[in-house]
Undergrad: 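First the structure, which I've put down as structure tokens, then a few questions once you've had a look.
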Amino acid sequence: MVMILRHREPQPGESRTIRFDGREAGGPVSLFLVDAAPGQGSGLHVHPYVETWVVRRGEAEFIVGDEVAHASPGDIVVAPASVPHRFTNVGEDRLELVCIHPSDTILQIPV
């Protein structure tokens with residue numbers, strides 16, 4: 001049976017980022033659909049698994065361990081398991097990312 005989780009416009013002041021835990025749909029993969037304003041991003045954190053980002057729109061700076069990388073639309077960025085990382089929207093437009101977590105739930109530990 002197909003499951004569709006319908007898009008809903010956020011209310012004023014509400015985050016535009018969508019979190020999906022695959023467990024909710026019986027799936028083995030979770031993700032964030034990030035929609036961040038300039039200057040916004042994630043805090044430093046780790047996962048016990050590899051995280052993969054797909055940049056859909058905007059410009060992002062990724063810090064993964066001691067490395068700094070810049071990514072643009074169409075770029076794919078991969079961070080190893082258990083390495084602290086974060087991203088920031090360094091562009092002038094909104095940043096849209098797909099953050100792929102190979103787990104049925106997102107396991108995120110702040111650093």
Side-chain angles (χ1 to χ4, degrees):
M1 172 186 261
V2 68
M3 173 184 264
I4 299 175
L5 303 171
R6 298 285 179 196
H7 173 74
R8 176 183 69 77
E9 285 297 319
Q11 299 299 310
E14 187 177 30
S15 173
R16 296 175 62 98
T17 294
I18 297 167
R19 177 183 175 141
F20 170 74
D21 286 293
R23 177 181 297 169
E24 296 172 10
V29 176
S30 299
L31 56 88
F32 284 109
L33 297 177
V34 172
D35 183 344
Q40 290 184 329
S42 66
L44 192 65
H45 62 277
V46 297
H47 309 284
Y49 46 74
V50 171
E51 181 173 8
T52 303
W53 297 279
V54 180
V55 180
R56 303 296 299 148
R57 176 181 172 199
E59 302 292 325
E61 177 182 85
F62 292 88
I63 296 179
V64 180
D66 295 331
E67 297 182 59
V68 177
H70 290 265
S72 301
D75 290 346
I76 298 171
V77 180
V78 180
S82 304
V83 174
H85 59 271
R86 67 180 178 87
F87 65 85
T88 304
N89 179 351
V90 293
E92 296 180 12
D93 285 329
R94 297 199 72 82
L95 173 65
E96 293 180 5
L97 299 174
V98 179
C99 309
I100 304 166
H101 296 250
S103 173
D104 69 350
T105 190
I106 295 170
L107 304 170
Q108 187 161 300
I109 304 155
V111 175

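Reckoned from all heavy atoms, side chains included, excluding hydrogens, waters and symmetry mates.
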Undergrad: Are Ile76 and Phe62 linked, directly or through intermediate hydrophobic residues, by side-chain heavy-atom contacts shorter than 4.5 Å (ILVMFWY only)?
TA: no
Undergrad: Are Met3 and Phe20 connected into the same hydrophobic cluster when the rule is that any two of I, L, V, M, F, W, Y join if their side-chain heavy atoms are below 4.5 Å apart?
TA: yes
Undergrad: Test of understanding: with ring pair (Phe, Tyr, Trp, His ring centres under 6.0 Å), list the residues that count as partners of Tyr49, not counting sequence neighbours.
TA: His47, His101
Undergrad: Of Asp75, Ile100, Val77, Leu97, which is the lone residue that meets side-chain contact (heavy atoms from CB on, under 4.5 Å) with Val54?
TA: Ile100
Undergrad: Might you point out which heavy atoms bring His45 and Ser42 nearest each other, and give the distance in Å?
TA: CE1-OG, 3.6 Å
Undergrad: Between Arg56 and Val98, does the side-chain contact (heavy atoms from CB on, under 4.5 Å) criterion hold? Intermediate values first, please.
TA: CA-CA 7 Å; Arg56 303 296 299 148; Val98 179; 4.1 Å; yes
Undergrad: Check this for me, if you would: do Arg57 and Glu96 make a salt bridge, where the nitrogen-to-carboxylate-oxygen distance has to be below 4.0 angstrom?
TA: yes
Undergrad: Over all heavy atoms of both residues, which pair between Ala79 and Val64 is shortest? Give the atoms and the distance, please.
TA: CB-CG1, 3.8 Å
Undergrad: Should Trp53 and Val46 be counted in the same cluster of Ile, Leu, Val, Met, Phe, Trp and Tyr side chains packed under 4.5 Å apart?
TA: no
Undergrad: Any chance CD of Glu14 has more than 12 other-residue heavy atoms, nucleotides or ligands included, within less than 6.0 Å?
TA: yes
Undergrad: Please report the closest heavy-atom contact between Pro10 and Ser15, naming both atoms and the distance.
TA: CB-O, 3.7 Å
Undergrad: Show which side-chain atoms of residues 31-39 pair as donor or acceptor with protein atoms under 3.5 Å away, not counting sequence neighbours.
TA:
from  : atom 1 : to    : atom 2 : distance (Å)
Asp35 : OD1    : Arg94 : NE     : 2.4
Asp35 : OD1    : Arg94 : NH2    : 3.3
Asp35 : OD2    : Arg16 : NE     : 3.0
Asp35 : OD2    : Arg16 : NH2    : 3.2

Undergrad: Just jot down the side chain to side chain contact (heavy atoms under 4.5 Å, CB included) partners of Asp21, sequence neighbours excluded, or say none.
TA: Arg19, Glu24, Ser30, Thr105, Ile106
